[in-house]
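Predicted model only: the values in this text are computed from it and were never measured. In what follows, chains are A, B, ... by sequence order, proteins preceding strands, each numbered from 1. Excluded from the calculations below are hydrogen atoms, water molecules and symmetry mates; all remaining heavy atoms, backbone and side chain alike, are included.
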Amino acid sequence: MSELNNAESAENVTGTETEGTVSKNFIEKIIEDDLASGRVDHVVTRFPPEPNGYLHIGHAKSILLNYGLAKEYGGRFNFRFDDTNPTKEKLEFVESIKSDVKWLGADFRDEVFYASDYFDRMYDCAVDLIKKGKAYVSDLNADQIREYRGTLTEPGKKDPYSDRSVEENLALFEDMKAGKFEDGSKVLRAKIDMASPNINMRDPIIYRIARMEHHNTGDKWCIYPMYDFAHPIEDAIEGITHSICTLEFEDHRPLYDWVVIECGFKNTPEESPKQIEFAKLYLKNVVTGKRYIKKLVEDGIVDGWDDPRLVSIAGLKRRGFTADAIRRFVEISGISKSNAVADYAALEYCAREDMKFKSPRLMAVLDPVKVVIDNYPEDNEEELEIENNLENESLGKRKVKFSREIYIEREDFMEEPPRKYFRMFPGNEVRLMNAYFVKCVSFEKDETGKVTLIHCTYDPESRGGNSPDGRKVKGTIHWVNARTAGHATVRLYENLVDEEKGVYNEDGSLNLNPDSLKVIEDALVEPALMEAKAFDRFQFVRNGFFCVDYKDSVPGKPVFNRVVSLKSSFKIQ
RNA sequence: UGGGCUAUCGCCAAGGGGUAAGGCACAACACUUUGACUGUUGCAUUCGUUGGUUCGAAUCCAACUAGCCCAGCCA
């Protein structure tokens, strides 16, 4: 089967990269203006995740945006862990994030930056701030800090410790670093403006005490910088020109600029790394909340963080989505500042587009019912040569055995067909794909009324699927040879949550769809499929695109995950 | 109620004074050895609302309305 999938590397089979003319997004315009005005002469972007969880489709947007921009403008893309809070971070996450970013195709030259590598520089910056009288050590506790901060509508109050002398602050901060104070007993605050209408500017905390083993720096530090202080420094150190983040950081931009300038990296905001905010990518009726997914995993409702129903990068990958499909999806979703909720259908569209030419099209019967071709010689067996993908010759051909007994899809037969049903029913002639015309002559049912066997006759003249007398047949159905078919597990997915009623119940719990996973233990597949390897992708004709599960497949019993079904305009009248 | 941001088709999203791009979804027809793909066609007299400026406004001005974000020693 590896041969079948080889052609996956035959890129651009159609020779037309149909990217279309996509208009520039607002960030591209900012960058081009900056380049044109000479504010910058090169571009450096970054993706700075905190290693506190797994990446999901929303992160893919940020990764691909930042990487794409760097690539588009011949610049540089830095992959950096924003690991300034060891209480939430784990090595496990840095590993999974690394592999996800790599898989998505954002090339970071195997060079990983860590905010924690800059802790010494950050400490020095804080000391400088103290020396300039722009930072002070406060003994207020968390509750008091909140109280003094004021509210959205009332200004904050002056911190009683804000007038300590530079010398005292210097000594105190050094003692904080030396571990002389308990966690939470003191903080370092930037002295800005307790009355600012922007709460972020009301003497923000820039260092806190937290005795925690850090995955990178171990127990070297017991004080850690806060995001608002650390991030601009990280960007400035790396020479980031455009610091792209999400909308909720808009209010932090003045503080970002303040830190860059007060710490002496630049003289004006114009010269500083420019923080630009864009809207996150949300998918309709999809669960991304960490605590919800954690509970689903704990409750055994999903099979870990890479369950194929999840939109974690690992889940999408396991389901069978390609990085190209995800890239395309992010691309067509666009970049803007308005909160957007994309349709899952758009992701599905991208998956189909990506696989339709690249994947071999084979036959698999998910819900089999046996068919006997009465007039086909009992012991005869013949070999049909079938094109693997009619729209991509480079995928080659395969040989498929045909004999007297076959299986077809149960839903492709009806005893009493409704109008416009042109599959198999008594007296109707249909085409067995790539094989013969067959006509149903009779069928058998068990006591429950379930069809157990269908009798057909075939037209020996119609080998390959065409009749020499030019007679047409309206229906073409897929089949599998009873003698040679392999047994496989097939998993069909639906949305994890109920699409009609929305994601959450009134009590805040998830409104789960009980049918989100359907496991077919005994699907019958063409023998070629039995040799499929992990992550091989196929179109099962008329059933959709499937990908070999890398975890649960075993030799002799592959597991196929349905990535996406085929579109269908067929409705029973 | 202070500050910040956003509002163009069911969903994304261009357009920034000259008379509404594109994609997804949807619908119809054609083609079809996948009810798929492909092709053709149809899908906003209207741009959150109301006024104003102008020969002309989605674009400029004013007022309003709605939604999102901010009061972690999280990021």
Looking only at atom [atom1], what distance separates [N] and [M], rounded to whole Å?
N     : M     : atom1 : answer
B:G56 : B:C64 : P     : 26 Å
B:G2  : B:C60 : P     : 25 Å
B:U59 : B:G51 : P     : 14 Å

Please name all residues satisfying ring-ring contact (aromatic ring centres under 6.0 Å, His included) with [X], sequence neighbours left out, ordered by chain then number.
X        : answer
A:Phe229 : A:Tyr207
A:Phe425 : none
A:Tyr118 : none
A:Tyr114 : A:Phe81

Considering just the side-chain nitrogens and oxygens of A:Lys284, establish if one lies under 4.0 Å of OP1 or OP2 belonging to B:C12. no
B:A13 phosphate, OP1 or OP2, under 4.0 Å from A:Ser336 side-chain N/O: yes
Scan [X] against the nucleic acid and name what it touches under 4.0 Å (heavy atoms): base, sugar-phosphate only, or nothing.
X        : answer
A:Tyr282 : nothing
A:Arg202 : nothing
A:Thr153 : base
A:Asn543 : nothing
A:Val341 : sugar-phosphate
A:Lys29  : sugar-phosphate
A:Leu432 : nothing
A:Glu277 : nothing

All stems that RNA chain B takes part in, i.e. 3 or more consecutive Watson-Crick or G-U pairs with distances under 3.5 Å, are B:2-7 with B:65-70, B:10-12 with B:22-24, B:26-30 with B:38-42, B:48-52 with B:60-64
Please determine whether a side-chain nitrogen of the Lys or Arg among [X] and [Y] lies less than 4.0 Å from a carboxylate oxygen of the Asp or Glu.
X        : Y        : answer
A:Arg471 : A:Asp459 : yes
A:Arg80  : A:Asp117 : no
A:Arg164 : A:Asp139 : yes

Excluding sequence neighbours, so at least two apart, what forms side-chain contact (heavy atoms from CB on, under 4.5 Å) with [X]?
X        : answer
A:Glu393 : A:Glu387
A:Asn198 : A:Ser196, A:Asn200, A:Met201, A:Asp251, A:Pro254
A:Lys501 : A:Asp498, A:Asn511

Any N or O donor-acceptor pair linking the side chain of A:Arg542 to the base of B:G35 at under 3.5 Å? no
What about A:Gln539: does its side chain form a donor-acceptor pair under 3.5 Å with the base of B:U34? yes
Do A:Phe93 and A:Tyr54 make the cut of ring centroids closer than 6.0 angstrom? yes
Summary of protein contacts for nucleotides 68-75 of chain B, nucleotide by nucleotide, where a base hit scores B, a sugar-phosphate-only hit scores S (4.0 Å, heavy atoms): SBBBSBBB
To the nearest angstrom, how far is [X] atom [atom1] from [N] atom [atom2]?
X        : N     : atom1 : atom2 : answer
A:Ile276 : B:G4  : CD1   : C1'   : 17 Å
A:Ile335 : B:A14 : CD1   : P     : 9 Å
A:Phe546 : B:U34 : CZ    : P     : 18 Å
A:His478 : B:C37 : NE2   : P     : 16 Å

A:Asn285 meets the side chain to side chain donor-acceptor pair (under 3.5 Å) criterion, sequence neighbours left out, with none
Name every residue in residues 53-61 of chain A that has at least one heavy atom under 4.0 Å from any atom of RNA chain B, in order of residue number, or write none if there are no such residues. none
Please work out whether the ring planes of A:Trp221 and A:Phe119 are parallel, tilted or perpendicular, with thresholds of 30° and 60°. perpendicular
Polar atom pairs (N or O), protein with nucleotides 26-31 of chain B, under 3.5 Å:
unit_1, atom_1, unit_2, atom_2, d
B:C26, OP2, A:Lys567, NZ, 3.3

Would A:Phe560 and A:Phe540 satisfy ring-ring contact (aromatic ring centres under 6.0 Å, His included), going step by step from the backbone distance to the final call? CA-CA 10 Å; A:Phe560 294 95; A:Phe540 288 178; 5.1 Å; yes
Decide if atom CD of A:Glu500 counts as having more than 12 heavy atoms of other residues, nucleotides or ligands within a radius under 6.0 Å. no
